[in-house]
Amino acid sequence: PAEQYAIQTGVHPAISTEKNIQMYRTQMKNIGFSYDWSREIKTCDPDYYKWTQWIFIQLFKNYYDLADRSAKSIDELIEYFEDHGSEGHTAFGNLEKEFTASEWQSFNTKKKEDILMNFRLAYRQTTYVNWCEALGTVLANDEVKDGLSERGGHPVVQKPMLQWSLRITAYAERLLNDLKELDWSDSLKTMQENWIGRSEGAQVFFEIAGHDDNIEIFTTRPDTIFGATFMVLAPEHELVESITTNTKEVEAYLEYVKTRTDRERIADTKRVTGAFTGAFAIHPFTGKKLPIWIAEYVLKDYGTGAIMAVPSDDERDQDFAEKFDLDIINVVDKTGYEDSDVHDKVGTMINSGVLNGLEVEEAIKKIIDLIEDKGLGKKKVNYRLRDANFSRQRYWGEPFPIVYDKEGVPETVSLDELPVELPELDDYKPTSEGKSPLARDEEWMNLEDGKKRETDTMPGFAGSSWYYLRFMDPHNEDRFASGKSVDYWKSVDLYIGGTEHAVGHLMYARFWHKFLYDKGYVPTVEPFEKLINQGMIQGLIEYLYLRKEKTNGRSHFMCAGIVKKEGNEEDYIKIPVLIDYVNNYGSPASYLDQNSIDQFIDSRPEFEDAIFECTRGVYVDGKFEAHRPENSDSHLLTHSEIGKMSKSKFNVINPDVVVEEYGADVFRMYEMFLGPIEASKPWDTHGIDGVAKFLRKFIDLFFNDEDQLDVSGDAPSKEELKILHNTIHKIEEDIERFSFNTCVSTFMIAVNDLRKLNSNNRFILTELVKLLAPFAPFTCEELYERLGHDNSIHTTNYPVFDPSKVKEEEVVYPISINGKKRGEATFSADADKAQIENDILENDIVKKWADGKSVKRVIVVPGRMINVVIQ
RNA sequence: GCCGAAGUGGCGGAAUUGGUAGACGCGCUGGAUUCAAAAUCCAGUUCCUUCACGGGAGUGCGGGUUCGAUUCCCGCCUUCGGUACCA
């Protein structure tokens, strides 16, 4: 019924007609409030992902030309190879061996493709993934905790897989340089700068004793080369296998490294591990033999995956040398640089042959010259940024528009075959061998002539990297967006997004945009001109403690109360549990009873035979075994933490509930009122009544006690105009600086003031409704119609501030004595400074405080304050 | 460790360029209305002291600059976010 709905939506009964309830419902739906936040499956729209596939094809068919720093067609590169071979190429990438034009022509398709893969912006390479044998899937880094899967607690190992990557590193320099022009927060720019991580140094090749291959290293401190006493390779380094003679030791070590995720290898600074390969490198300047080690602290993906270790000037090298008893040679004398530490590039070179006596800075220049002269290597810029892994072994994602021939050479499907659609499957899980679910559909995968489709799918950031362009021309069937529309809309003027996207989404989108710019498809270099980081609405996450060690082969959950009492949290992994199952959600005493444990098991069948232990007893196999007869139910305390609201944390609160109770306008304004847009805070509805009350009071201004529209057509009073224009002024300013919480306060003040005046002036209220319309669009649309208009309020002109309407004749000045406010005094608004300085000395308050002391100085800031200095 | 942000009543927060600290809202207290409650309205609400007038202290801590500091500078502490054996 209308009345009921009106109360629920916080709408004044006077304006809740059936028609408007209908309007609310459709409009809420239109702006997304009907979205079902809990649904698990994303919809993939082929009309949209067709163009994601199309962009992928462009990436595949292009390479990055270092000469003019832009993307160029692979076909042009092939032409170049046909005419000149590899000689003089400036393209990005490394060729294993040089080839001539005639050699190129003699290569077969496979060989040619292997070479081209070194250049393509979308290419295939072997990458390591977190593989969980028990679950049969690849896991994301944050799904792995302490070498175990977050789901189920099974062991996770590093597994090499041939996967698609995007060569974002090609754009590293432009991504870095173009940051300067963007209207983004400094903190966000800094994050991207650090993520790109540009460092200048030298590439140096070290010969291996009794071996043909060289070890290529990158160092930012080539000056310390005389202090290099050993070499370290990443355990995955391709040379490890061929140079190793200490086979047993190395194999054992590699087994160990497999169990360590990247994140752990990096985070666990204190753990110093490694193995000696048995091989030696030759120092290019001294000819000394340097033992070659492998160690997890050297990362396969940074630099060249190999270092020269200088224990005297690098902390990690030093720890390593000390643990394994390796030589340390001091090469930088830091006396004279008292406050400097190992990280500072200062000091005087010692024990360094030709470099002796030079300052570090000079030494770096000189040694690079020497290295280049001797053909040992060259000056090089290195980036921390890595190419983006672009393959997922999941169902939901864009299929690759790629077909492999019999020899496994990838080719793109022709454009008229787009979109390559996802096949319908009976089972959406990856296959037992860890192959993508799409491999289950043999008919879809296998094509004529032994050709096969790529069965991996693209990650979530594929589609999200360019959606803003599709918004510019969403129904275009010939192009991702027409040239006309991208020329018209250009970049996104204002992008509002969370900091969590700082180095992910925002980096990928910039990369794609720059690529499309290179190819002439968009007119701008950057996708997002101005960026505001809105804070996240957080939620309370409820965790169960799961023992890392199973008990008799069964998963074992422990009551949070027991865990905290014993203080051994490190023995447990925290498993998030759906908040709907939790009793007393939000209180410190939140817990699961038998019923909720059953629900939990239903949703997570892998815990079917788990043990749930609490102080009252043990719940296992659907039975509760009480420790004492009076305990009849389980009481498994959960551990509560504030964190982001996320499906993976099972703590999403559906805004529909709030909308149902208060209406979309109140919900919208309350979110604004919570605090500054950048601030993150837990969702808390305690103050929402204040906003609901405000909106009701505002509506009440229009109606009499019988709920009839009752507005006065008189000319507005001076007082009323002053309230209106003060409000317009403040709202104008606050919108400009995205301070929506203070906008809401300003509206509240205006309404309170008008109520005090018993104002119901038509002109004033009409202007106020327009002013409020962006904040409470539904209510304002309705009120505007009630005032007799038949156009939409959202098409009217926004009120404009008129300073003459707020001019005061008198100003109340605060009087401060020695900076502390002691009273007030009223002066005419046009009183001049000298006048006030003079008159204030006769003021009672000043006299009282000056009693027996002298007035030393009077400071008057016109229109603001008066300060009297007394001594 | 590094990078970034922040620290203000019981709570969310305001104070825009160095100029009245605590706007606005929640909560709480008292009152009106009511048979009563909810709702609504009115008043109060930083802390200490005082019957009151008034006075003192006060924006994480310790210093400094200034007539005047939540705001600027120096040194600490804490929290949050990001990130990392980056050679």
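Naming: A, B, ... by sequence-line order, numbering from 1 per chain. Heavy-atom basis, side chains included; hydrogens, waters and symmetry copies ignored. If you're wondering where the values come from, they're calculated on a predicted model, not measured in any experiment.
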Close aromatic pair by centroid cut-off 6.0 Å: [X] and [Y]:
X        : Y        : result
A:Tyr662 : A:Phe667 : no
A:Phe801 : A:His729 : yes
A:Tyr256 : A:Tyr253 : yes

Select base, sugar-phosphate, or nothing to describe what [X] touches, counting heavy atoms under 4.0 Å on all strands.
X        : answer
A:Leu674 : sugar-phosphate
A:Glu733 : base
A:Arg198 : nothing
A:Ser199 : sugar-phosphate
A:Met865 : base

Picking from [options], which would you name as closest to the side chain of [X]?
X        : options                : value
A:Ile749 : B:rA84, B:rC24, B:rA87 : B:rC24
A:Asn867 : B:rC41, B:rG68, B:rA87 : B:rG68
A:Pro676 : B:rG56, B:rG13, B:rC24 : B:rG13
A:Pro814 : B:rU20, B:rG19, B:rA15 : B:rU20
A:Asp734 : B:rC67, B:rC24, B:rU16 : B:rU16
A:Lys693 : B:rA87, B:rA15, B:rC26 : B:rC26
A:Val861 : B:rG19, B:rG25, B:rU16 : B:rG19

Using the [atom1] atom as the point on both nucleotides, what is the distance between [M] and [N], in whole Å?
N      : M      : atom1 : value
B:rU83 : B:rG13 : P     : 24 Å
B:rG9  : B:rG44 : C1'   : 15 Å
B:rG58 : B:rA21 : C1'   : 9 Å
B:rG22 : B:rU46 : P     : 9 Å
B:rG75 : B:rC26 : P     : 43 Å
B:rC11 : B:rC3  : C1'   : 32 Å
B:rG18 : B:rC73 : C1'   : 13 Å
B:rG10 : B:rC28 : C1'   : 8 Å

G-U wobble or Watson-Crick pairing nucleotide for [N] (cut-off 3.5 Å, both distances):
N      : value
B:rC11 : B:rG25
B:rU71 : none
B:rU46 : B:rA57
B:rU40 : B:rA32
B:rG1  : B:rU83
B:rU16 : none

On RNA chain B, compare the nucleotides closest to A:Arg864 and A:Asn382; which residue's is nearer the 5' end?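 Whichever sits nearer the 5' end wins; that is A:Arg864.
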
| task | Map A:Asn752 and A:Ser816 onto RNA chain B by nearest heavy atom, then report which one ends up closer to the 5' terminus. | result |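 That would be A:Ser816.
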
Heavy-atom donor-acceptor pair, A:Lys697 side-chain to B:rU40 base, under 3.5 Å: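 Under the 3.5 Å cut-off, the side chain and the base do not form any donor-acceptor pair.
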
- Syn or anti for B:rG9, with syn set at within 90° of 0?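 B:rG9: syn.
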
Give a yes/no on whether any side-chain N or O of [X] is located under 4.0 angstrom from OP1 or OP2 of [N].
X        : N      : result
A:Arg316 : B:rC86 : yes
A:Arg384 : B:rC3  : no
A:Asn194 : B:rC86 : no
A:Arg386 : B:rC86 : no
A:Asn741 : B:rA14 : yes
A:Arg737 : B:rU16 : no
A:Lys189 : B:rG4  : no

Measure the acute angle between the ring planes of [X] and [Y], then classify it against the limits of 30° and 60° as parallel, tilted or perpendicular.
X        : Y        : answer
A:Phe775 : A:Phe747 : perpendicular
A:Phe738 : A:Phe740 : perpendicular
A:Phe276 : A:Trp293 : tilted

Requested in this report: Please determine which of A:Thr224, A:Asp223, A:Thr219 meets the side-chain hydrogen bond (donor to acceptor under 3.5 Å, both in side chains) test together with A:Arg221.
Outcome: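 Output: one option passes, namely A:Asp223.
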
With A:Arg316 as partner, the option from A:Asp313, A:Asp314, A:Asp319 fulfilling salt bridge (Lys or Arg N to Asp or Glu O under 4.0 Å) is A:Asp314

